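To start, the structure under review is shown below, and the notes come after it.
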Amino acid sequence: MADRKPIESWLTDMDGVLIHEGVPIPGADAFLKKLKESGRPFLVLTNNSIYTPRDLHARLRRMGLDVPIENIWTSALATAKFLDVQRPSGSAYVIGEAGLTTALHDIGYILTDHEPDYVVLGETRTYSFEAMTKAVRLINDGARFICTNPDETGPSTEGPLPATGAVAALITKATGKQPYFAGKPNPLMMRTGLNAIGAHSETSAMIGDRMDTDVLAGMEAGMQTFLVLTGLIRADQIENFPYRPSQVVDSIADLVDRI
């Protein structure tokens with residue numbers, strides 16, 4: 001590949017890279033420790049919009065991983081940033097949890113089911129038929145349809161769970177309206193994250209375990225990309241995609257010496 005500038009800032013996915021089913025992946029602690037010691041800007045990203053950065057900081061800390069709150073970037077924050085630029089001080093009907101509602105409150109949005117500017121769909125473990133019906137009717141009445149992320153399934157210890165992308169497909173089928181997805185693989189999430197830490201794409205790297213979200217988003221944002229094999233993608237599946245990461249490594253442990 002063409003010569004690239006040295007990596008000065010790092011973005012990394014959370015599930016499948018740093019943790020797996022609530023357990024830290026070997027090397028994750030060393031990677032984060034070296035990042036903090038180096039003083040280099042970094043972000044831990046997740047498409048999951050359920051939790052606030054404060055919640056995620058506490059959850060990671062219980063697992064033995066210390067990630068400062070200001071170094072966590074979620075699809076909920078990326079969605080709020082997008083809406084704040086598009087329509088400041090607007091209104092939204094929200095299906096989601098505290099991670100999303102808090103992010104929207106923080107930008108001055110009014111959460112309402114009365115003629116909202118947007119219907120915003122995020123992750124929740126309690127999708128209700130009543131809420132989805134309300135969303136369909138509001139979109140049919142003119143509300144714009146926004147989703148935090150396109151993930152169709154999410155992980156759990158019992159197996160895959162229906163996620164935002166699957167529910168979005170249901171609403172799209174009922175309304176004929178496609179949503180705008182703010183999270184990965186939209187490079188918007190990468191760019192807003194880079195802006196949040198004052199970093200530049202040409203000197204930044206994205207680490208992920210998925211080709212269709214992490215690698216794609218990093219590549220389209222102009223970053224170097226590292227695929228780890230501790231998550232969803234196996235080495236023999238990489239050739240199924242029409243694009244490649246900058247480098248494939250076994251795990252986050254292999255990148256500690258790159259910092």
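Note that the structure is predicted; figures quoted are calculated from it, not measured.
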Practice task
Report yes if some heavy atom in the side chain of Val44 is under 4.5 Å from a heavy atom in the side chain of Leu18; otherwise report no.
Solution key: yes

Practice task
Give, for atom CH2 of Trp10 and atom CG of Leu43, the distance between the pair rounded to the nearest 0.5 Å.
Solution key: 14.0 Å

Problem - Asp254 (side chain) donor-acceptor with Asp250 (main chain) under 3.5 angstrom - result: yes

Handout entry: Expected output: side-chain Thr102 to main-chain Gly99 donor-acceptor under 3.5 Å
Key = no

Handout entry: Heavy-atom check, side chain of Phe42 versus side chain of Leu11, under 4.5 Å
Key = no

Extract all donor-acceptor atom pairs below 3.5 Å that involve side chains of residues 174-193 and protein atoms in other chains or at least two apart in sequence.
| residue | atom | partner | partner atom | Å |
| --- | --- | --- | --- | --- |
| Thr175 | OG1 | Ile171 | O | 2.8 |
| Thr175 | OG1 | Lys177 | N | 3.1 |
| Tyr180 | OH | Asn186 | ND2 | 2.8 |
| Lys184 | NZ | Asp13 | OD1 | 2.8 |
| Lys184 | NZ | Asp214 | OD1 | 2.7 |
| Asn186 | OD1 | Leu188 | N | 2.9 |
| Asn186 | ND2 | Phe181 | O | 2.9 |
| Thr192 | OG1 | Trp73 | NE1 | 3.4 |
| Thr192 | OG1 | Leu188 | O | 2.9 |
| Thr192 | OG1 | Met189 | O | 3.2 |

Handout entry: Main-chain N/O of Lys81 paired with Asp84 side-chain donor or acceptor, under 3.5 Å
Key = no

Exercise for the section: State whether the number of non-hydrogen atoms from other residues, nucleotides or ligands found under 6.0 Å of Asn240 atom CG is greater than 12. Expected result: yes

Practice task
Check whether any side-chain N or O of Lys5 sits under 3.5 Å from a backbone N or O of Ser204 as a donor-acceptor pair, and report yes or no.
Solution key: no

Problem - Polar side-chain atom of Ser75 near backbone of Asn149 as donor-acceptor pair, under 3.5 Å - result: no

Practice task
Answer yes or no: are there more than 12 heavy-atom neighbours, outside Lys36 itself, under 6.0 Å from its atom NZ?
Solution key: yes

Exercise for the section: Take Asp29 and Lys34, measure what salt bridge (charged side-chain N to carboxylate O under 4.0 Å, His left out) needs, and give me the verdict at the end. Expected result: CA-CA 9 Å; Asp29 185 42; Lys34 192 165 183 183; over 6 Å; no

Handout entry: More than 12 heavy atoms from other groups under 6.0 Å of CD on Glu70
Key = yes

Problem - Within-4.5 Å side-chain heavy-atom neighbours: Met63 and Val23 - result: no

Handout entry: Main-chain N/O of Ile25 paired with His20 side-chain donor or acceptor, under 3.5 Å
Key = no

Exercise for the section: Please check if any side-chain donor atom of Glu97 sits under 3.5 Å from a side-chain acceptor atom of Thr124, or the reverse. Expected result: yes

Exercise for the section: Report yes or no: does Asp117 contribute a side-chain atom to a donor-acceptor pair with the main-chain N or O of Ser91 at less than 3.5 Å? Expected result: yes

Practice task
Look up atom CG in Leu45 and atom CD1 in Ile207, then write down how far apart they are to the nearest 0.5 Å.
Solution key: 10.5 Å

Exercise for the section: Taking the side chain as every heavy atom from C-beta outward, state whether Asn47 and Thr148 have any pair of such atoms under 4.5 Å apart. Expected result: no

Practice task
Could you tell me whether the side chain of Gln237 and the main chain of Arg234 form a donor-acceptor pair under 3.5 Å?
Solution key: yes

Exercise for the section: Give a yes or no on this: more than 12 heavy atoms of other residues, nucleotides or ligands lie within 6.0 Å of atom CZ of Arg40. Expected result: yes

Problem - Donor + acceptor pair across side chains of Thr74, Thr46 (<3.5 Å) - result: no

Practice task
May I ask you to decide if Val215's main-chain N or O and Thr225's side chain share a donor-acceptor pair within less than 3.5 Å?
Solution key: no

Exercise for the section: Answer yes or no: does atom CD of Glu37 have more than 12 heavy-atom neighbours from other residues, nucleotides or ligands under 6.0 Å? Expected result: yes

Fill in the blank from the handout: Residues passing the side-chain hydrogen bond (donor to acceptor under 3.5 Å, both in side chains) test with Arg59, sequence neighbours excluded, are Tyr51

Practice task
Kindly say whether Leu232 contributes a backbone atom to a donor-acceptor pair with the side chain of Asp209 at under 3.5 angstrom?
Solution key: yes

